Student: 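What follows is a structure written as structure tokens; I'll ask about it next.
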Amino acid sequence: MKLLSVLILFFMSAHIEVTLGFQDPDTALIDSFIARQAKRERGEEYREARKMISGDLTHDGQPEVIVLYTIEGQGGSNLYIQYLAVFGRRKGTLSLLAHADVGGKSTRGVALTSIENNSILLETLTYGPKDPSCCPSVKGTTRYLLSGGRLREQRRRSSRLQHNY
């Protein structure tokens, strides 16, 4: 009977933990960072669009956490801005290394894909000449580098050959 009581208590406490949404410290820190930014912008995060990946971007043997998130409705508008943030581990705890706006309404849409060769890779959708503001259609890619505590977009060189005649 004691074993049954212990098992029931265990399952009840596990259910309460899931129901209340307890989070690991890393997710709680990221949630808090984004919530503070959303409050400053008088908007809110579109939580379902958040994407996180991890990898050793700085080659220090510790994986960084890369987060793409969207804040929308700034000041009651229909605006949205996409941000990229890099969190690194210091003394066992995540801390923000850098963040930047990387897309949004009337600029471009971005999707986080991977970390390769010290770069954060993003797929992009930019606006063609006849695209409405809802619907960018030109597919592309871009890379961001973490350099000097800042995220910098790596500009692509033109692949067109120039001929001098």
Side-chain angles (χ1 to χ4, degrees), residues 13-127 133-157:
S13 66
H15 175 71
I16 290 170
E17 187 171 318
V18 170
T19 303
L20 294 177
F22 287 106
Q23 301 170 350
D24 64 87
D26 291 348
T27 303
L29 182 134
I30 292 166
D31 287 346
S32 176
F33 168 78
I34 295 171
R36 284 191 310 273
Q37 182 177 357
K39 185 176 180 180
R40 280 192 306 272
E41 293 183 18
R42 297 180 330 155
E44 60 186 50
E45 180 188 14
Y46 175 38
R47 180 67 172 92
E48 293 77 16
R50 185 190 301 180
K51 180 154 184 198
M52 299 191 310
I53 61 173
S54 65
D56 191 359
L57 189 62
T58 60
H59 296 291
D60 62 358
Q62 295 279 339
E64 282 71 39
V65 177
I66 315 306
V67 182
L68 177 68
Y69 62 97
T70 304
I71 296 178
E72 62 183 6
Q74 288 86 341
S77 71
N78 65 353
L79 179 67
Y80 67 90
I81 302 171
Q82 292 180 285
Y83 294 94
L84 192 62
V86 178
F87 294 86
R89 204 156 296 282
R90 293 183 182 160
K91 298 180 183 177
T93 304
L94 277 187
S95 62
L96 180 68
L97 298 178
H99 83 286
D101 63 328
V102 295
K105 185 174 183 179
S106 299
T107 57
R108 68 180 176 186
V110 298
L112 180 60
T113 57
S114 62
I115 298 172
E116 288 181 17
N117 303 324
N118 300 340
S119 299
I120 302 164
L121 277 61
L122 301 169
E123 292 179 353
T124 62
L125 279 176
T126 56
Y127 290 89
S133 66
C134 69
C135 312
S137 66
V138 181
K139 293 181 181 181
T141 61
T142 192
R143 296 173 177 264
Y144 277 81
L145 302 173
L146 180 62
S147 173
R150 299 185 74 176
L151 283 169
R152 300 183 193 274
E153 188 169 8
Q154 186 177 24
R155 301 288 180 202
R156 297 178 125 223
R157 294 182 185 175

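Owing to the predicted nature of the structure, the values given are computational and were not obtained by experimental measurement.
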Student: Ignoring hydrogens, what is the shortest heavy-atom contact between Ile81 and Asp101? Give both atom names and the distance.
Tutor: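 What the structure gives for the nearest pair is CG2-CB, 3.7 Å.
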Student: Between OH of Tyr127 and OG of Ser137, what distance do you get to the nearest 0.5 Å?
Tutor: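 Separation between the atoms: 10.0 Å.
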Student: Looking at every heavy atom in both Pro136 and Thr126, which two are closest together, and how far apart are they?
Tutor: CB-O, 3.3 Å
Student: Apply side chain to side chain contact (heavy atoms under 4.5 Å, CB included) to the pair Leu125 and Lys139, showing each step before the final yes or no.
Tutor: CA-CA 5 Å; Leu125 279 176; Lys139 293 181 181 181; 3.7 Å; yes
Student: Please find the pair of heavy atoms, one from Leu145 and one from Ser119, that lie closest to each other, and give the distance.
Tutor: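 Looking at all heavy atoms of both residues, the closest pair is CD2-OG, 3.0 Å.
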Student: Applying side chain to side chain donor-acceptor pair (under 3.5 Å) as the test, list every pair that has at least one member in residues 58-67; sequence neighbours left out.
Tutor: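 Found Thr58-Asp60, Thr58-Glu64, His59-Asn118.
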Student: Could you tell me which residues satisfy salt bridge (Lys or Arg N to Asp or Glu O under 4.0 Å) with Arg152, sequence neighbours excluded, listed by chain and number?
Tutor: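 None.
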Student: I'd like to know if the side chain of Thr107 and the backbone of Gly104 have a donor-acceptor N/O pair within less than 3.5 Å.
Tutor: yes
Student: When rounded to the nearest 0.5 angstrom, what distance separates NZ in Lys105 from OG1 in Thr70?
Tutor: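 Reported to 0.5 Å precision, the distance equals 14.0 Å.
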Student: State which residues pass side chain to side chain contact (heavy atoms under 4.5 Å, CB included) with Ser106; sequence neighbours excluded, sorted by chain then number.
Tutor: Ser133
Student: With no hydrogens and no angle check, just 3.5 Å: does a side-chain donor-acceptor pair link Glu153 and Thr142?
Tutor: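 There is such a pair (donor and acceptor under 3.5 Å, judged by atom type) between the side chains of Glu153 and Thr142.
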Student: Can you measure from CG (Leu146) to CD1 (Ile120) and round to the nearest 0.5 angstrom?
Tutor: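 Nearest 0.5 Å value for the CG-CD1 distance: 7.0 Å.
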Student: Rounded to the nearest 0.5 Å, what's the gap from CD1 on Ile34 to CD1 on Ile71? Could you check?
Tutor: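 It is 7.0 Å, given to the nearest 0.5 Å.
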Student: Looking only at heavy atoms, which two atoms of His99 and Leu151 are closest? And how far apart?
Tutor: CA-CD1, 3.9 Å
Student: Does Arg47 reach the main-chain N or O of Tyr69 with its side chain, forming a donor-acceptor pair under 3.5 Å?
Tutor: no
Student: How close do Leu57 and Ile115 get, heavy atom to heavy atom, and via which atoms?
Tutor: CD1-CG2, 3.8 Å
Student: Spell out, as yes or no, whether a donor-acceptor pair under 3.5 Å connects the side chain of Ser114 to the backbone of Leu121.
Tutor: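 Not confirmed, Ser114 side chain does not pair with Leu121 backbone.
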Student: Working to the nearest 0.5 angstrom, can you tell me the gap between Gln82 CD and Arg50 CZ?
Tutor: 14.0 Å
Student: Shortest non-hydrogen contact from Leu112 to Ile66?
Tutor: CD2-O, 3.9 Å
Student: First locate atom CG of Asp26, then atom CZ of Phe87, and finally report the distance between them rounded to the nearest 0.5 Å.
Tutor: 10.0 Å
